[in-house]
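Quick caveat: nothing in here was measured; it's all calculated off a predicted structure. Protein chains get the first letters and strands the later ones, always in sequence-line order, with residue 1 at the start of each.
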There are 2 protein chains.
Amino acid sequence: MAKKHDTMSPQMLERVAGQFRALAEPSRLQLMNLLFDRERTVGELVEASGLSLANASKHLGLLHRAGWVTRRKDGLNVVYALADERTFGLCELMCDRVRELAAAEATFAKRGGG
Amino acid sequence: MAKKHDTMSPQMLERVAGQFRALAEPSRLQLMNLLFDRERTVGELVEASGLSLANASKHLGLLHRAGWVTRRKDGLNVVYALADERTFGLCELMCDRVRELAAAEATFAKRGGG
DNA sequence: TCATTGCTCAACTATATGGTTGAGCAATCG
DNA sequence: CGATTGCTCAACCATATAGTTGAGCAATGA
């Protein structure tokens with residue numbers, strides 16, 4: 001049988017949208033991507049990403065408030081890490097999708113889509 | 001072996017972020033949710049969602065440009081449908097996550113988090 | 001042909017948010 | 001104690017975007 005989906009409440013819609021919104025930004029995705037392999041300090045993330053310190057800190061704070069990353073103080077440093085294993089599945093799903101869309105676009109262009 | 005993740009190119013980051021951005025809005029999630037069971041005309045979506053016609057049309061156009069829905073003309077009507085099966089998995093993943101976060105919040109509040 | 005229906009689009013306003021700058025706080029060091 | 005380091009936060013500006021309004025287009029019907 002086909003799945004039956006309930007209508008979502010406005011609160012649920014807002015919450016889910018908020019989760020997507022946290023990931024709807026290249027800089028934040030980059031930071032998340034840098035945390036895929038291992039936890040890192042803000043300084044490391046700043047160096048690896050090329051973002052300004054204040055900007056990176058702001059993005060990390062947002063990701064933390066959204067529950068995507070954990071924050072831990074270690075001496076002078078603050079260490080961030082991924083908070084949710086689902087991040088990997090989510091990234092794979094979206095990246096696959098984007099690659100497929102890009103491939104379809106390319107095919108369309110080659111066929112005379114322009 | 002633990003997964004090794006490559007750093008994503010700026011173009012890829014921007015594309016993936018764009019996909020998330022398309023879903024980072026309660027009204028658009030509501031429209032997507034209404035399409036879970038079956039395809040619908042704009043008129044049906046407007047009535048079911050409570051959005052204004054122009055607003056719904058704008059959101060649907062954006063979802064279409066992002067590749068999340070298909071568009072088909074049927075007489076006077078325009079019929080929209082989900083374009084990607086992954087939508088279901090994505091929604092399930094995010095909704096589970098949001099429910100867990102909400103549960104954790106509630107526990108924290110009960111324990112004296114305020 | 002002209003009117004109606006169903007939808008899209010352009011232009012506009014209000015709000016949200018990314019990025020910068022400078023202040024400031026907590027932990028370590030001397 | 002004061003100085004330094006690593007980071008956060010508030011205030012600001014520029015841009016992006018959700019929602020409205022009104023114009024306009026395509027398909028049907030008279």
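With D:dC7, D:dG19, C:dT8 as the choices, the nucleotide that has an atom nearest any side-chain atom of B:S57 turns out to be C:dT8. The side chain of A:H59 lies closest to C:dG19, out of C:dG18, C:dT8, C:dG19.
The distance from atom CZ of B:R65 to atom C1' of D:dT17 is 12 Å, rounded to the nearest whole Å. Rounded to an integer number of Å, the gap from CG of A:L63 to C1' of C:dT17 is 14 Å. Rounded to an integer number of Å, the gap from CG of A:L53 to P of C:dT20 is 11 Å. When the P atom of C:dT8 is taken as reference, atom CG of B:L60 falls 7 Å away, rounded to whole Å. As rounded to whole Å, 15 Å separates atom C1' of C:dG6 from atom CZ of B:R72. With rounding to whole Å, B:E25 atom CD is found 16 Å from C:dT15 atom P.
Side-chain contact between A:R99 and B:M12 is present, with at least one heavy-atom pair separated by less than 4.5 Å. Looking only at side-chain heavy atoms (C-beta outward), A:Q19 and B:L101 come within less than 4.5 Å of each other. Side-chain contact between A:L45 and A:L31 is present, with heavy atoms from C-beta onward closer than 4.5 Å. Between B:S49 and B:L34 there is a side-chain heavy-atom pair separated by less than 4.5 Å. Within the 4.5 Å cutoff, the side chain of B:M8 has heavy atoms near those of the A:C95 side chain. A 4.5 Å side-chain heavy-atom check between B:L23 and B:L90 finds at least one atom pair inside the cut-off. Looking at heavy atoms from C-beta onward, A:T41 lies out of side-chain contact with A:Y80 at the 4.5 angstrom threshold. With a 4.5 Å cut-off on side-chain heavy atoms, A:E39 and A:R72 count as touching.
Listed by residue number, A:T41, A:V42, A:G43 are the residues of residues 40-49 of chain A with a heavy-atom contact under 4.0 Å to DNA chain D. Within residues 9-23 of chain B, the residues approaching DNA chain D are B:R21, by heavy-atom distance under 4.0 Å.
Sequence order on DNA chain C of the closest nucleotides to B:N77 and B:G61 puts B:N77 first from the 5' end.
Stacking of B:R86 on the aromatic ring of B:W68 is not recorded, the 6.0 Å distance cut-off and the 45° axial limit not both being met.
Listed by chain and residue number, B:A81, B:A83 satisfy the side-chain contact (heavy atoms from CB on, under 4.5 Å) test with B:T70 (two or more places apart in sequence, or in another chain).
A:Y80 has a side-chain polar atom (N or O) that falls below the 4.0 Å cut-off from OP1 or OP2 of D:dT8. Not one side-chain nitrogen or oxygen of A:R71 sits closer than 4.0 Å to the OP1 or OP2 atom of D:dC7.
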- Message: One pair to check against side chain to side chain contact (heavy atoms under 4.5 Å, CB included): A:M32 and A:L82. What are the steps and the verdict?
- Response: CA-CA 7 Å; A:M32 294 283 283; A:L82 291 188; 4.0 Å; yes
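When the side chains of ILVMFWY residues are joined at heavy-atom separations under 4.5 Å, either directly or via intervening members, B:L35 and B:L93 end up in a single hydrophobic cluster.
For the atom pair CZ of B:R38 and CD of B:E44, the computed distance is 5.0 Å after rounding to the nearest 0.5 Å.
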Without placing hydrogens or testing angles, list every side-chain donor-acceptor pair under 3.5 Å for residues 57-67 of chain B, not counting sequence neighbours.
{"unit_1": "B:H59", "atom_1": "ND1", "unit_2": "B:R28", "atom_2": "NH1", "d": "3.1"}
{"unit_1": "B:H59", "atom_1": "NE2", "unit_2": "B:N55", "atom_2": "OD1", "d": "3.3"}

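From one end of the helix from C:dT1-D:dA30 to C:dG30-D:dC1 to the other, with five pairs defining each end axis, the axis direction shifts by 10° (rounded to 10°).
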Set out, line by line, the N/O atom pairs under 3.5 Å between protein and nucleotides 20-28 of chain D.
{"unit_1": "D:dT20", "atom_1": "OP2", "unit_2": "B:S52", "atom_2": "OG", "d": "3.2"}

